[in-house]
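Any value given below was found using the heavy atoms of this structure, including those in side chains, with hydrogens, waters and symmetry copies removed. Every chain is numbered from 1, with letters handed out A, B, ... down the list of sequences.
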Amino acid sequence: MFSEKDVQLLKNIVQSDLLEAIGQTLVMTFLPTFLAFAIGLPLGVLLVTGDERGIRPLPGALMKTVNVIINLLRSVPFLILIVVVSPLSRFVLGTTAGVKGMILPLTVAAFPFVARIVETSIREIDQGVIEAAQSMGASPMQIVCKVLIPEAKPALLSNFFVALITIFGYGAMAGILGAGGLGSFAITYGHYRRNELVMWTMVVLLVILVQIFQSTGNIITKRSDKRIR
Amino acid sequence: MSETIIRIEHLCKTFGTGDGKVEALKDINLDIQKGEIFGIIGLSGAGKSTLVRCINLLERPTSGKVTVNGQELTALKEKDLRKARRGMSMIFQGFNLLMQRTALQNICFPLELSGLKGEKGWREKRAKELLEMVGLPDKADAYPVQLSGGQKQRIAIARALAEYPQPQVLLCDEATSALDPTTTQSILDLLKKINRELGVTVVVITHEMRVVEQICDRVAVLEGGEIQEQGDVSDIFSNPRTEAGRRLVMPNGEKIHVLPENRLVRLAFNGTTSGEPIIATLAAKQGICLNIISADTRTIGDRSFGTMVLALPEDETDAARALIYLREIPGVTAEEVTDLVQ
C-alpha cells in the first residue's frame, strides 16, 4: 500500500523530529490559549458588567465600539489575520516564522472568541444571585471576583477546552505558513511530498491529541461543577 | 412608643418612557415600625416586588424618599448605599444561593464582603451558630443542589442574618411562594422566631393571605401600584374597606345566586365571637330564619375572622329585627350588601 520510501521517511521523522513537533504543537496551543484568556477573560466580564443593564454600566458608545472590534476580528479569516498581524509580530517578537512567530497571530485570532465565550458563560448566571449579592452591599468588583467568576467556573472551564481545541486547530492550519508542529509536518512532508503515510500519521496524532484534551476537559469540568449531585 | 425604622414617602416608580411607560408604583407612603412584622400583600403585577426592591434601592425610585434607620437612602451615593445595605438583608422566592459554594460558605459570604478582620475561622464559627439557629447544623458541607427548597430558604435566612453587626431589617420577597404548605409553615415559624428573639424587623411581600394571617402584625394591601388600605391585620381581615382588600380576604369571591327581592347582609367577624352559634340563636330565640348564602371564615390564633353573607327574610319587620339583633352582637359588624365581591 505504501512505498518503501514513504515508510523510510516516516521512520526518519519519528526517530528525529516527532517529539519536537509534538512539543511545538503543544506550545502553539497552550501559550496562545493562556494569553487569549488573559485578554479575553477581563474583556468578556466587561461585556457583561458594562452592559446597560449590567452591574456597572459603561457608556453605550464604548460598549458598541468594543463589540464591533470583537466582531471584526472574529470575521477575518485566520490565515489572513496571520499575514496582517505579522508586522506586529516582527516588531514585538522579532520574527514572523516558526512557533515563536505564530504566538501573536494565534492570540489575536483567539482572544475575541474567548471574550465571547466568557461573556456567554457569565450571562448564564442567575440574575437573582447577583441581586442577592447587591442586597448584601457587594461592590461591582466583589461581584465579579466572588460571584460571577466562581459561579461561572464550570462553564468557563468547559469553554477553556473549547478554546484550546479551536486554537489547536488554528495552529495546525498555520502549518501552511511555516508555523512548525504536527500540522506543519502533515503539510510539508505529507501533502507537498505526496507522502500519504506521513500525512495521515500526523492527522491521526492530531486527532488523538484533541481526544485527550476533550476528555481531560470533560473530567475537570464535571469535577468542578457543584450543581451536579 | 414605637419607633419608625422604614419610612417611605411619596415613592413613585416608572418603567420605560413614552408609550411603553408603566407606572409600577404611585405615591406610596408607608411607615414600618421597629420590631414588627409588616406584610405587603397584592396579586401578581400589583407592584409589591418593585416596592420591596425600592426599600433597599435594588430598584431606584423615580421619585420619593426612602429612609431606613434614620438614614435617607435615596440621598446616598453608591458607596454609602452599599454600606447602608449591610444593615438590612433580603431573602427571595428563588433562594438565590451561590450554587458553587457549600451552605457554610454561603453563610460566610456576606462576612467576606464586609472585609471584617477577626481571629482565624471566626466567620465559620459565626456561620455554624447560624446554621444551628435555622435548624440545619448537619448541612454545613452540603451544596445547594443537595438541599430541598425549605432547607435552601433556611440557609438563605442564615446568610441574611450573618452580617456583623446583625441586620435590623429582613426583607422577604415572596420567600415562601415556591414552597409547599408544610414547609411554608416552618419557614414562617422561623421568621417569627427571628423577629421575636433577635428583634429583627421583618417585611413580608406575598400574594398569600395565609402568610399575612400567620405572622404579620400590620399589612398594606397593594393593587395597581397603589396602597389601597393598611392597618392591623385583624382590622383588615374583619372589615376590609376596599374592593382590593375584600378580594384578598375573600379570594374566591362571594359566589351567589340570589332572588333579587331578598335583602342581603354581610357579617364580618373581627375575632371576638368564636364559637357562638349566632344564626341558631336567632332562629331559636326570635323565630327568624336566615339563609346563609356564603361563608368564608377562618381561625387565626384563637379567634375567628372572616365574612358571611346572609339573606334577610322577605318580611320587612322580621328583616329589621334580624338586622337589629345582628348589629348588637359584640365583635361583629353587619352591613347591608349593595355590592358583592365577584
Side-chain angles (χ1 to χ4, degrees), chain A residues 41 45 48-60 118 120-160 217-229, chain B residues 49 52-53 55-59 73 76 78-103 105-115 141-147 155-156 159-164 167 169-174 178:
Chain A
L41 185 67
V45 170
V48 182
T49 57
D51 198 68
E52 59 175 339
R53 296 176 68 187
I55 52 169
R56 185 83 175 74
L58 293 170
V118 168
T120 320
S121 310
I122 288 177
R123 279 197 200 281
E124 268 174 35
I125 300 169
D126 183 3
Q127 197 59 36
V129 179
I130 298 166
E131 205 168 50
Q134 282 175 323
S135 77
M136 290 175 224
S139 67
M141 199 58 187
Q142 284 179 319
I143 292 177
V144 169
C145 299
K146 288 189 170 289
V147 181
L148 298 186
I149 293 179
E151 286 292 295
K153 198 171 109 190
L156 287 172
L157 276 172
S158 160
N159 279 325
F160 173 84
N218 290 348
I219 294 168
I220 293 178
T221 305
K222 208 170 164 186
R223 271 209 194 141
S224 85
D225 196 350
K226 310 301 184 202
R227 285 170 300 181
I228 302 167
R229 277 171 198 255
Chain B
S49 272
V52 76
R53 277 170 170 67
I55 296 178
N56 61 5
L57 259 63
L58 279 179
E59 204 78 74
L73 299 186
L76 293 180
E78 196 60 36
K79 208 181 152 204
D80 298 317
L81 175 63
R82 286 204 287 269
K83 212 179 242 170
R85 277 179 183 155
R86 295 193 170 137
M88 52 188 154
S89 291
M90 193 168 183
I91 56 172
F92 305 82
Q93 179 172 8
F95 322 122
N96 295 349
L97 295 175
L98 294 152
M99 300 304 283
Q100 306 292 343
R101 282 178 174 235
T102 62
Q105 289 167 337
N106 261 290
I107 301 171
C108 289
F109 182 67
L111 297 170
E112 289 171 25
L113 292 179
S114 50
D141 298 322
Y143 285 95
V145 75
Q146 297 163 317
L147 301 171
I155 301 297
R159 181 175 71 171
L161 296 171
E163 185 65 80
Y164 187 84
V169 176
L170 180 62
L171 307 172
C172 310
D173 185 9
E174 296 277 9

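Side-chain N or O atoms of B:Gln100 include none that pairs as donor or acceptor with a backbone N or O of A:Pro150 at under 3.5 Å. A donor-acceptor contact shorter than 3.5 Å links the side chain of B:Arg85 to the backbone of B:Asn56. No donor-acceptor distance shorter than 3.5 angstrom exists from the side chain of A:Asp225 to the backbone of A:Thr221, with no hydrogens or angles considered. Remark: side-chain polar atoms of B:Arg86 are paired, donor with acceptor, to backbone N or O of A:Gly137 under 3.5 angstrom.
Each of A:Lys153, A:Glu131, A:Gln127 has some count of heavy-atom pairs under 4.5 Å with chain B, and the biggest count is that of A:Glu131. Of the listed residues (A:Ala132, A:Ser135, A:Gly128), the one with the most heavy-atom contacts under 4.5 Å to chain B is A:Ser135. Top candidate by heavy-atom pairs under 4.5 Å with chain B, chosen from A:Asp126, A:Val147, A:Ile130, A:Ile125, is A:Val147. The candidate from B:Met90, B:Arg159, B:Lys79 with the greatest count of non-hydrogen atom pairs under 4.5 Å with chain A is B:Arg159. Of all the listed residues (B:Glu163, B:Glu112, B:Gln93), the one sharing the greatest number of non-hydrogen pairs under 4.5 Å with chain A is B:Glu112.
Heavy atoms closer than 4.5 Å to chain B are found in the backbone of A:Ser224, but not in its side chain. Interface remark: B:Phe95 contributes no atoms to any contact with chain A (heavy atom separation under 4.5 Å). When heavy atoms are compared at a cutoff of 4.5 Å, B:Ile91 does not approach chain A at all. Contacts of B:Leu98 with chain A are made by both backbone and side-chain atoms, with heavy-atom separations under 4.5 Å.
Note that CE of B:Met88 is 11.5 Å distant from CG of B:Leu170, once rounded to the nearest 0.5 Å.
Heavy-atom neighbours of A:Arg123 CZ from other residues, nucleotides or ligands within 6.0 Å: above the threshold of 12.
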- [ ] Let me see the working for B:Ser49 and B:Asp173 under side chain to side chain donor-acceptor pair (under 3.5 Å), right down to the final yes or no.
- [x] CA-CA 6 Å; B:Ser49 272; B:Asp173 185 9; 2.9 Å; yes
